[in-house]
Amino acid sequence: MAIKDFPIEEYVLPGSAACPGCPATIALRIVLKALGKKTVMIVPACCTAVIESLYPHTSFNIPVMNIAFEAAAAGAAGVEAALRKLGKNDVTVLAWAGDGGTYDIGLQALSGALERETNFIYICYNNQIYSNTGIQRSGATPYAAWTTTTVGGKKEFRKEMGDIIRAHHIPYSAQTCISYPDDLYNKVKKAKEIEGPKYIEILTPCPPGWRFSMEKTVEMGRLAVETGVWALYECKNDVVTFNGKSRLILENKIKRVPIEEWMRPQGRFKHLFVPKKDVKRIKALEEHIEKIWERYRKYYI
Amino acid sequence: MIDTGNYIAAKAAVMAKPDVVAAYPITPQTTVVEGIANYLEKGEFTGEYICVESEHSAMSACIGASAMGVRTFTATSSHGLLLMHEMLHWAALARLPIVMCNINRVIGPGWNIWADENDSISQRDTGWIQFYCSSNQEIFDTIIQSYKLAENEKVLLPVMINYNAFILSHTSMPVDIPDQREIDEFLPKFKPKWNLDINNPVTFGNIIGPEYYIKVRKAMQDAHKNAKKLIPEIAREWKKKFGRFHGDLLEKYRCDDAEYILLAMGAIAAESKVAVDEMQRKGLKIGLARIRTFRPFPKESILQLSENADLIVIDRNISVGSEGVLFNEVKAALYHKSDARVNGFITGLGGRDVTYKDIESMCRKTVEGKANECEWYGI
């Protein structure tokens with residue numbers, strides 16, 4: 001569906017406590033437009049727990065339950081079980097967590113809920129850091145990126161969450177990015193219609209966390225896809241389909257943009273360019289990304 | 001019905017008709033969740049049963065379900081309870097009437113599966129109401145009563161029903177089980193005061209400033225005060241309907257004319273009845289006050305008991321670096337209001353057997369003036 005045709009109803013209300021240029025609010029606004037009024041959202045510790053604003057106010061026009069950092073999927077499982085018992089089959093249960101709450105501390109509860117075939121949508125909005133706590137490294141932080149806990153740049157490569165999710169063989173999982181609202185909307189809409197566990201991960205470039213100017217949020221997401229740092233794909237019943245530019249990259253119809261183009265505007269990679277270009281580390285990340293695409297081509301063409 | 005504490009707990013849980021049970025197995029709680037699974041298979045339990053991947057998730061799932069306005073149950077023990085710790089606070093602060101059995105078991109290392117109350121005692125400050133049971137009948141009756149208490153609008157707090165590993169959990173006793181119809185009359189369907197509702201979209205648990213947070217805590221404290229009144233009322237309503245009574249906040253046993261009153265919880269308190277009988281037969285004026293609710297703490301009742309008697313406290317727990325926790329709290333209850341002597345004993349840790357003879361010898365040592373203020377027994 002094109003943006004102009006998205007439902008007019010807003011469930012993310014104006015006046016939230018989000019930072020200027022925040023991608024999480026862009027993402028959630030579109031997600032809730034796709035899911036509609038009959039949605040219960042479970043939010044663990046993450047930026048959204050701040051964005052939703054201070055008690056007794058709220059930025060959201062759907063029922064929301066906050067829960068502890070590692071507990072989003074388990075809390076959602078409880079909500080879903082209650083809905084089933086109450087015979088309310090038309091309500092969508094949405095667990096909405098960041099990458100820290102998904103890749104790291106919440107992974108066990110998420111894996112458990114997927115394995116138990118919980119009928120819910122788990123969305124990870126991935127800004128590649130613990131941003132709410134002030135930019136610390138997570139399992140989703142890319143190699144060489146500065147964070148407050150990887151001051152000289154992260155030494156390890158990020159976790160491949162998509163592979164972990166697909167190992168659960170759930171009916172639907174997808175990767176998308178806020179820079180492609182139609183792709184995001186359509187994936188959420190698709191997930192809504194499917195029974196069982198659904199997982200969607202949204203790349204959400206974070207201006208203060210990635211150290212770029214707030215008007216560049218959408219651009220940074222596009223560059224992530226064009227450089228191949230992030231891939232748009234979906235997996236329905238174990239069949240993986242790449243979408244948009246990621247499909248063209250997969251099929252070698254277009255070349256990936258050099259990774260430097262994505263890194264250079266981000267202050268978190270500044271130490272790789274100033275005072276001297278760190279060719280070795282830039283190359284290491286480039287090669288790592290290429291290896292991931294080789295693997296994608298081997299399995300998904 | 002003759003069965004173990006755990007199977008009786010499973011029976012009570014199912015008869016309370018929870019809509020959602022979420023649980024994770026741990027020795028010695030396992031037969032509770034197995035019991036519920038069997039009732040599910042037979043169609044006698046018609047709720048949703050979530051076999052989660054950890055106790056943390058068990059409590060989280062109960063929180064999610066309870067926030068939807070349905071009745072929930074879980075059970076755990078020892079390390080499982082400790083893993084839940086964060087969510088125990090969460091459940092109480094969220095004012096969710098979850099009911100849980102905890103089978104009191106030792107904390108490791110080293111691994112030990114026997115009776116010891118340090119697991120639940122270390123959850124003292126989570127805001128949960130805590131019962132300690134001394135018989136399988138009391139386990140059954142307390143579980144049903146706990147739902148009525150937890151779901152009362154003046155309380156709306158989670159309830160933990162504790163009983164000692166193996167001594168109760170795996171010991172068969174005859175238990176009188178009422179008809180389902182009678183239980184349903186006593187415990188009507190849960191009508192939540194609030195719940196997650198798509199027609200009334202509210203955000204629960206968002207950021208809260210100091211101006212409101214302190215009020216949240218105060219409201220919890222007030223709810224515990226209300227529980228202090230309601231626990232005896234519910235116990236008496238139960239007595240009227242079913243003829244059984246296990247005490248108010250505490251159960252007094254042969255306390256008339258007693259010069260000493262023994263205070264204990266759980267299985268040691270049950271054994272203490274035998275010890276009291278034995279000692280009174282021999283002419284010692286010792287009665288028993290069995291603590292049923294550790295939270296809310298029966299401060300006023302203890303103070304009243306101290307008017308005419310000195311107190312002897314036996315703890316199957318220790319706050320290391322301080323002393324037995326019940327001993328500590330009993331003394332605090334008397335502070336500035338009573339000059340009764342209080343002697344404390346720490347014993348039975350790691351599942352050591354505490355017999356009526358042991359209890360008698362601790363009491364004798366106190367009566368003879370040979371006991372230190374707080375000492376270990378049986379080391």
Side-chain angles (χ1 to χ4, degrees), chain A residues 11 13 17 36-44 48-86 88 90-93 95 105-106 108-116 118 120, chain B residues 17-22 24 46-72 74 83-91 93-94 96 98 192 194-209 211-213 215-216:
Chain A
Y11 301 99
L13 305 171
K37 181 178 181 276
K38 292 182 174 179
T39 303
V40 176
M41 181 162 73
I42 293 87
V43 180
T48 303
V50 175
I51 294 167
E52 70 190 6
S53 303
L54 259 69
Y55 173 86
H57 304 288
T58 182
S59 313
F60 305 140
N61 203 14
I62 52 161
V64 178
M65 179 180 74
N66 284 271
I67 202 153
F69 212 166
E70 65 278 52
V79 170
E80 187 254 3
L83 283 166
R84 199 156 5 108
K85 177 68 185 170
L86 295 168
K88 293 182 183 170
D90 57 345
V91 178
T92 303
V93 180
I105 197 168
Q108 174 184 316
L110 170 59
S111 177
L114 299 182
E115 183 269 332
R116 292 190 306 270
T118 305
F120 77 141
Chain B
K17 295 185 176 170
D19 300 292
V20 175
V21 173
Y24 186 79
T46 55
E48 296 290 328
Y49 190 25
I50 319 177
C51 295
V52 284
E53 81 300 327
S54 75
E55 289 88 354
H56 195 282
S57 288
M59 189 45 63
S60 302
C62 284
I63 286 168
S66 191
M68 282 300 301
V70 305
R71 190 171 281 168
T72 58
T74 188
L83 185 59
M84 279 182 187
H85 179 72
E86 178 190 29
M87 304 321 288
L88 295 182
H89 276 284
W90 201 283
L93 276 154
L96 298 170
I98 297 161
W194 65 271
N195 59 284
L196 291 164
D197 179 5
I198 53 165
N199 296 315
N200 180 25
V202 171
T203 297
F204 292 104
N206 50 344
I207 295 179
I208 179 167
E211 70 274 35
Y212 290 111
Y213 186 86
K215 291 182 185 174
V216 172

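Every chain is numbered from 1 and lettered A, B, ... according to where its sequence line falls, protein lines coming before strand lines.
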Could you tell me whether the side chain of [Y] reaches within less than 4.5 Å of the side chain of [X], counting heavy atoms only?
| X | Y | result |
| --- | --- | --- |
| B:I198 | A:V40 | yes |
| A:Q108 | B:S54 | yes |
| A:M65 | B:M68 | no |
| A:S53 | B:I207 | no |
| B:M87 | A:I67 | yes |
| A:H57 | B:T203 | no |
| B:T46 | A:K85 | yes |

*asked:* Just so I understand: if I count every heavy-atom pair under 4.5 Å between each of B:L196, B:V20, B:D197, B:I50 and chain A, which residue has the most?
replied: B:L196
*Any idea which of B:M59, B:E86, B:R71 has the most non-hydrogen atom pairs under 4.5 angstrom with chain A?*
B:E86
Measuring heavy-atom distances to chain B, does [X] have an atom under 4.5 Å in its side chain, in its backbone, in both, or in neither?
| X | answer |
| --- | --- |
| A:V43 | neither |
| A:T39 | backbone |
| A:L54 | both |

*Find the distance between CD (B:E53) and CG (A:L114) and round it off to the nearest 0.5 Å.*
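One finds 10.0 Å between CD of B:E53 and CG of A:L114.
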Do you know which of [options] has the most heavy-atom pairs under 4.5 Å to chain B?
| options | answer |
| --- | --- |
| A:K38, A:E80, A:R84, A:K37 | A:R84 |
| A:V93, A:T118, A:L83, A:N61 | A:N61 |
| A:P63, A:A74, A:A68 | A:P63 |

*Give, as side chain, backbone, both or neither, the part of B:N195 having an atom under 4.5 angstrom from any heavy atom of chain A.*
neither
*Any donor-acceptor pair under 3.5 Å linking the side chain of B:N206 with the backbone of A:N66?*
no
